[in-house]
Amino acid sequence: MPSATAITVDHRRAAVELAEQLVCAPEVWRPLVRYLAHGRAYAPIALPAPVAADAWVITWAPGSGLPRHDHGGAAGALVVVEGELEEHLGRPATSGIGRHRLLRPGPVVPLAPDHVHEVRNVGAEPAVSLHVYAPGLRTMRFLADDPRDDVIVEDGAR
Amino acid sequence: MSRLPATAARSRAPVGGQGVDDLLVEARVGLRRLPPHLAALAVSAGAWLVDIRPEAQRRHEGEVPGAVIIERNVLEWRLDPRHEARLTGVEGYDTVLVVICSEGYASSFAAASLRRLGHRSATDVIGGFQAWRSAGLPTVGGVGGDAVVAGTLT
């Protein structure tokens with residue numbers, strides 16, 4: 001019947017659309033938020049059948065973070081819904097070079113399939129964020145000790 | 001056809017008669033509607049995009065490549081796995097059906113009807129074909145401009 005191959009999917013835009021929908025539907029993820037004294041709490045968000053993507057809500061205790069990583073080639077979207085997160089782009093935060101930005105509740109941040117970043121809650125309050133990956137998150141690679149540090153070129157730094 | 005002023009029409013509606021806006025809200029309860037790129041993602045994962053627009057509208061606006069065309073007046077028969085008038089390939093309820101119309105209103109009624117047939121995850125495209133095209137998703141054909149379906153402009 002239908003030829004699914006006729007349509008090329010823009011996974012990043014699909015992920016952004018889903019993240020925007022989730023922001024407007026806190027009843028879906030708010031019950032999954034677990035505040036911890038330390039570290040991060042992850043919970044997968046159950047999505048209805050038509051949505052071929054993965055979504056997570058992550059609660060970040062003050063001082064917690066996720067070292068530099070990619071998303072295994074999946075496109076994605078990220079949005080902070082409570083608190084603040086600091087995102088370091090490209091080079092390791094410890095290198096003192098590379099860019100960083102503060103993410104606050106507001107617009108959804110699209111993540112390209114080759115996006116590499118490090119995310120931390122540097123504030124005094126917990127932070128909550130929604131993470132969407134399309135067509136799904138199969139793997140994440142942690143790059144903190146990768147000898148190729150100097151050659152990884154990040155989205156926007158080109 | 002002469003039209004009554006809205007207030008007069010409302011005063012004459014029988015008890016329990018609902019306006020179409022109310023019916024639409026009702027049809028959308030429980031419907032997890034999809035914006036265009038999420039709909040395309042669903043299709044890439046095996047969902048059927050069911051185009052219910054009339055032929056004249058499809059010709060005018062264009063079509064989505066790979067969509068399953070089932071006009072609204074035969075929709076339920078073609079997609080009822082229990083009915084002899086079903087389409088080939090409609091053998092059960094596992095396939096996700098994503099309905100698309102021109103602007104995303106009629107499709108919500110259609111999706112609600114498909115859910116009542118047993119297609120529990122049936123849904124529709126927010127903004128319909130117009131939003132699909134505006135989002136830069138692929139279309140074929142169409143002659144541009146506004147579609148005019150004879151006699152129905154109000």
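These numbers were taken from a predicted model, which means no experiment stands behind them.
- Contact detail for B/Leu41 and A/Ala14: the closest heavy-atom pair is CD2-CB, 4.1 Å.
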Would you mind writing out the side-chain donor-acceptor pairs for residues 15-28 of chain A within the sub-3.5 Å range, not counting sequence neighbours?
{"from": "A/Glu17", "atom 1": "OE1", "to": "B/His37", "atom 2": "N", "distance (Å)": "2.9"}
{"from": "A/Glu17", "atom 1": "OE1", "to": "B/Leu38", "atom 2": "N", "distance (Å)": "2.8"}
{"from": "A/Glu17", "atom 1": "OE2", "to": "B/His37", "atom 2": "N", "distance (Å)": "3.2"}
{"from": "A/Gln21", "atom 1": "NE2", "to": "B/Arg33", "atom 2": "O", "distance (Å)": "2.9"}

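- The most heavy-atom pairs under 4.5 Å with chain A, out of B/Ala39, B/Gly136, B/Pro35, come from B/Pro35.
- The 12-atom threshold is exceeded at CZ of A/Arg30, counting heavy atoms of other residues, nucleotides or ligands nearer than 6.0 Å.
- In this structure, A/Glu125 places its CD atom where only 12 or fewer heavy-atom neighbours from other residues, nucleotides or ligands lie under 6.0 Å away.
- Of the two parts of B/Val64, only the side chain, counted from C-beta on, holds a non-hydrogen atom closer than 4.5 Å to a non-hydrogen atom of chain A.
- Hydrophobic clustering (side-chain heavy atoms under 4.5 Å, transitive across Ile, Leu, Val, Met, Phe, Trp, Tyr) groups A/Val33 together with A/Val81.
- A/Val9 approaches B/Ser44 most closely through the heavy-atom pair CG2-CB, 3.4 Å.
- Atoms CG and CG, from A/Asp10 and B/Leu137 in turn, are 8.0 Å apart once rounded to the nearest 0.5 Å.
- For a residue to count as touching a neighbouring chain, one of its non-hydrogen atoms must lie under 4.5 Å from one of that chain's; by this rule B/Ile69 does not touch chain A.
- Surrounding OH of B/Tyr105 are at most 12 heavy atoms belonging to other residues, nucleotides or ligands under 6.0 Å away.
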